[in-house]
**Q** 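Below are the structure tokens for one structure; questions will follow.
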Amino acid sequence: MIDLKYLQNNFEEASAKLQKKGVDAQTLEKLKTLFAELKEANAALEAAKAEQNSMSKLFGQYKREGKDIAELKAKVDANKEAMVPLQEKAREAEAALYEVALAIPNFPDDSVPEGEDEDDNVELRKVLEPRAFDFEPLEHWALAEKNGWIDFERGVKLAKSRFSVLRGEAARLERALINFFLDTNREKGFEELCVPFMNNAQMLQGTGQLPKFEDDLFKIEDEDLYLIPTAEVPLTNLYNDEILKESVLPVLMTGYTPCFRKEAGSAGRDTRGMIRQHQFDKVEMVAIAHPERSDEVFEMMVQNASDILTALGLPHRVVELCGGDLGFSAAKTIDLEVWLPGQNKYREISSISNTRDFQARRAKIRFKDGKKNRLVHTLNGSALAVGRTLIAIMENYQNEDGSIEIPEVLKKYM
RNA sequence: AGACAGGUGGCCGAGUGGUCGAAGGCGCACGACUGGAACUCGUGUAGGGUUAAUAGCCCUCGAGGGUUCGAAUCCCUUCCUGUCUGCCA
């Protein structure tokens with residue numbers, strides 16, 4: 001959630017920032033009004049409560065002293081009745097405020113480039129040259145079929161469309177990648193965690209998936225549980241509603257989880273193959289950082305993900321997202337796009353974001369800064385999306401006969 | 001899943017209708033003592049909101065609702081923990 005006090009005191013500036021993310025000034029105007037209304041309603045209610053409390057204290061005193069309480073009782077009853085509409089008003093004001101506030105995306109950093117969509121993203125650098133093929137490289141689904149690696153049909157039979165089954169070498173390669181990623185992240189100082197794959201609504205709200213993006217999530221029937229769309233949710237919320245010691249920052253965490261997404265908004269895109277599935281494996285990095293040092297942590301995370309791709313010999317480029325392409329919670333995001341020679345395209349394989357204090361405010365993650373509590377910064381990034389790495393290896397390491405080499409660094413894991 | 005017992009501050013633990021945001025202890029922080037430390041003594045030590053304010057006021061004793069002038073204390077719902085039973089890897 002954005003800082004409502006900041007919005008109140010710097011409306012023009014805040015409004016300009018959120019325009020980059022396509023939030024119109026009218027919505028913000030409304031939010032500002034709702035915030036002021038809540039404050040007003042609370043002030044009125046609290047004054048009445050203070051009155052009530054002090055009279056109640058007197059009441060006890062009178063009784064002890066054996067004084068007559070009839071008059072006081074009448075006053076206190078009247079005040080109590082007068083409080084009912086105030087109570088109602090405050091409650092309504094709060095509900096109205098949060099309905100709007102929780103749906104407002106994070107402020108982008110000032111450095112974020114202007115732009116509408118992915119076409120306006122800015123390439124920062126390319127790493128490794130794509131390999132020159134002396135034959136026509138195949139797309140991963142063709143290679144999958146040749147090698148018997150991915151069983152799309154039976155995945156659909158078991159669940160529904162956009163589920164698949166990895167078989168034999170592919171399944172082993174998937175597992176090797178997970179281990180390779182986790183080991184690498186651990187060597188960089190990330191603690192490895194194994195977390196629940198279902199989280200409750202409060203956690204999903206903490207990281208920003210709820211209430212606005214409920215349709216993208218798989219919900220467990222009759223339970224307050226959702227399948228996680230990314231390990232960002234459990235890892236970030238590990239410290240939900242906690243106050244950390246400053247000395248433990250930055251907290252660096254990594255974990256492997258499957259991720260579950262309904263992907264309601266992406267119908268029709270990437271229907272072929274394994275790019276966009278309802279379930280996929282991912283190794284995630286999450287950092288809880290001191291607000292003054294989150295930029296360093298961010299750079300480190302980007303470098304780590306890039307280094308992993310380099311170690312695998314996969315050509316990629318580093319792209320900074322423009323305002324229009326930034327996710328809901330992110331203040332700044334850098335994507336790593338891996339080269340897919342079969343598709344002749346760079347495709348997203350990792351997305352690293354600094355959410356500043358946006359998630360921390362929602363999830364109430366703070367640290368002790370001297371005597372005061374301050375919100376931390378939270379960061380997350382894939383290192384890496386496993387299925388897409390598998391695809392990238394298939395397409396980049398293919399031979400003319402359709403066979404696939406195993407990258408050197410993975411051999412000890414196979 | 002069923003039965004019973006519980007959920008109080010960083011931890012332990014008292015508190016069964018008013019003077020309780022909460023005794024006492026431990027821990028922690030600072031200070032005194034010391035060459036330095038231990039011991040001892042003193043002081044301090046929850047979170048959120050409002051506010052210029054670490055002043056005042058409001059809210060929070062798992063969560064939500066109710067009774068009452070007044071609730072940590074009484075009632076209801078719910079979640080969680082423990083023990084036993086069942087089930088299971």
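Just so we're on the same page: letters track the sequence lines, and every chain starts at 1. Everything numeric in this text was worked out from a predicted model, so none of it was measured. All values below were derived from every heavy atom in this structure, side-chain atoms included, with hydrogens, water molecules and symmetry-related copies excluded.
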**Q** Can a donor-acceptor pair be found between the side chains of T355(A) and T378(A) at a distance below 3.5 Å?
**A**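 Indeed, the side chains of T355(A) and T378(A) share at least one donor-acceptor pair under 3.5 Å.
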**Q** For atom C1', what is the distance between G17(B) and C11(B), given to the nearest Å?
**A**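 Going atom to atom, C1' in each nucleotide, I get 29 Å.
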**Q** Would you tell me whether D307(A) and T310(A) have side-chain atoms, one donor and one acceptor, within less than 3.5 Å of each other?
**A**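 Judged by distance alone, the side chains do not pair up.
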**Q** Checking all strands, does K245(A) fall into the base, sugar-phosphate, or nothing category for heavy-atom contacts under 4.0 angstrom?
**A**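 Touches nothing.
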**Q** Do any side-chain nitrogens or oxygens of K368(A) fall under 4.0 Å of OP1 or OP2 in G47(B)?
**A**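 Checking K368(A) against G47(B): at least one side-chain N or O falls below 4.0 Å of OP1 or OP2.
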**Q** Roughly how far apart, to the nearest Å, are G70(B) and C20(B) at atom C1'?
**A**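 13 Å, rounded to whole Å.
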**Q** If C80(B) has a Watson-Crick or G-U wobble mate with both distances under 3.5 Å, name it; if not, just say none.
**A**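 Paired with G6(B).
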**Q** Tell me which pairs pass salt bridge (Lys or Arg N to Asp or Glu O under 4.0 Å) where either residue lies in residues 223-250 of chain A, with sequence neighbours left out.
**A**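 Pairs touching residues 223-250 of chain A that pass the test: D241(A)-R366(A).
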**Q** Is a donor from one side chain sitting under 3.5 angstrom from an acceptor on the other, for Y6(A) and E13(A)?
**A**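 Yes.
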**Q** For the C1' atoms, the ones on U43(B) and on U19(B), what distance do you get once it is rounded to whole angstrom?
**A**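 Taking atom C1' in both U43(B) and U19(B), they lie 25 Å apart.
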**Q** Report the distance from atom CG of L38(A) to atom P of U50(B), rounded to the nearest whole Å.
**A**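 Spelled out: CG on L38(A) to P on U50(B) is 9 Å.
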**Q** Separation of L225(A) atom CG from C79(B) atom C1', in whole Å?
**A**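 Those two atoms, CG and C1', are 12 Å apart.
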**Q** For N373(A), answer base if it contacts any base atom (sugar-phosphate contacts may also be present), sugar-phosphate if it contacts only those atoms, and nothing otherwise; contact means non-hydrogen atoms under 4.0 Å.
**A**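 Touches sugar-phosphate only.
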**Q** Indicate yes or no: at least one non-hydrogen side-chain atom of F190(A) is less than 4.5 angstrom from one of N304(A).
**A**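 F190(A) reaches N304(A) side chain to side chain.
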**Q** Can you check whether R366(A) has a side-chain N or O nearer than 4.0 Å to OP1 or OP2 of G47(B)?
**A**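 Checking G47(B) against R366(A), no side-chain N or O comes under 4.0 Å of OP1 or OP2.
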**Q** Could you identify the nucleotide paired to U50(B), looking across every strand shown and requiring Watson-Crick or G-U wobble geometry with both distances under 3.5 Å?
**A**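 With both distances under 3.5 Å, U50(B) matches G56(B).
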**Q** Please give, in whole Å, the distance from U50(B) C1' to E37(A) CD?
**A**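 Those two atoms, CD and C1', are 17 Å apart.
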**Q** According to the Watson-Crick and G-U wobble definitions, with both distances under 3.5 Å, which nucleotide is paired to U43(B)?
**A**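 Its partner is A29(B) (Watson-Crick or G-U wobble, both distances under 3.5 Å).
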**Q** Starting at atom NZ of K67(A), determine the distance to atom C1' of G18(B), rounded to an integer number of angstrom.
**A**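 Checked: the NZ to C1' distance equals 16 Å.
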**Q** Between G15(B) and G6(B), how far apart are the two P atoms, rounded to whole Å?
**A**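 Result for the P pair: 13 Å, nearest Å.
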**Q** Rounded to whole angstrom, note down the P distance from G7(B) over to C74(B).
**A**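 Pairwise P distance, G7(B) against C74(B), rounds to 11 Å.
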**Q** Take the protein atom CG of L45(A) and the nucleotide atom P of C59(B), then report the distance between them rounded to whole Å.
**A**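 Taking CG of L45(A) and P of C59(B), I get 9 Å after rounding.
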**Q** Under 3.5 Å, is there a donor-acceptor pair linking the side chains of K188(A) and Q303(A)?
**A**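 Not at all, the side chains of K188(A) and Q303(A) share no donor-acceptor pair under 3.5 Å.
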**Q** In whole Å, what is the span from the CD atom of Q202(A) to the C1' atom of C80(B)?
**A**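 Going from Q202(A) (CD) to C80(B) (C1'), I get 13 Å.
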**Q** I need the single residue from K73(A), K75(A), K80(A) that forms a salt bridge (Lys or Arg N to Asp or Glu O under 4.0 Å) with D77(A). Which is it?
**A**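 The option that passes is K73(A).
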**Q** Would you kindly check if the NZ (Lys) or CZ (Arg) of K212(A) is within the cone defined by 45 degrees around the ring axis of F328(A) and under 6.0 Å from the six-membered ring centre?
**A**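 Ring-cation test returns no.
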**Q** Rounding to the closest angstrom, what is the interatomic distance between G86(B) and A3(B) at atom P?
**A**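 After rounding to an integer number of Å, I get 16 Å for this pair.
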**Q** I want to confirm an ordering. Mapping D241(A) and K39(A) to their closest nucleotides on RNA chain B, which one lands closer to the 5' end?
**A**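 With D241(A) and K39(A) compared, the 5'-side residue is D241(A).
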**Q** Between Q87(A) (CD) and G64(B) (C1'), how many Å, whole number?
**A**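 Rounding to the nearest Å, CD of Q87(A) and C1' of G64(B) are 14 Å apart.
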**Q** Sticking with atom C1', work out how far G9(B) lies from A14(B), rounded to a whole angstrom.
**A**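 G9(B) and A14(B) have their C1' atoms separated by 13 Å.
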**Q** Which residue lies toward the 5' end of RNA chain B, I243(A) or E51(A), if each is placed at its nearest nucleotide?
**A**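 With I243(A) and E51(A) compared, the 5'-side residue is I243(A).
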**Q** Considering only nitrogen or oxygen atoms on both sides, find all protein atoms under 3.5 Å from nucleotides 66-71 of chain B and state each distance.
**A**
residue: C69(B); atom: OP1; partner: K73(A); partner atom: NZ; Å: 2.3
residue: C69(B); atom: O2'; partner: Q52(A); partner atom: NE2; Å: 3.4
residue: C69(B); atom: O2'; partner: S56(A); partner atom: OG; Å: 2.9
residue: G70(B); atom: OP2; partner: K80(A); partner atom: NZ; Å: 3.4
residue: G70(B); atom: O4'; partner: S56(A); partner atom: OG; Å: 3.4

**Q** Are H278(A) and F218(A) close enough that their ring centres sit under 6.0 Å apart?
**A**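 Ring-ring flag for H278(A)/F218(A): true, centres closer than 6.0 Å.
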**Q** Name the closest nucleotide to the A50(A) side chain, picking from G48(B), U50(B), C57(B).
**A**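 The answer is C57(B).
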**Q** Looking only at the side chain of K5(A) (C-beta and beyond, no hydrogens), which of the listed nucleotides U50(B), G49(B), G47(B) gets closest?
**A**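 My answer, after comparing the listed nucleotides, is U50(B).
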**Q** How far does the P atom of A71(B) sit from the matching atom of A63(B), given to the nearest Å?
**A**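 Rounded to whole Å, the distance is 15 Å.
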**Q** Just the rounded figure in Å: distance from P of C79(B) to CG of D222(A).
**A**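 Value for this atom pair: 12 Å.
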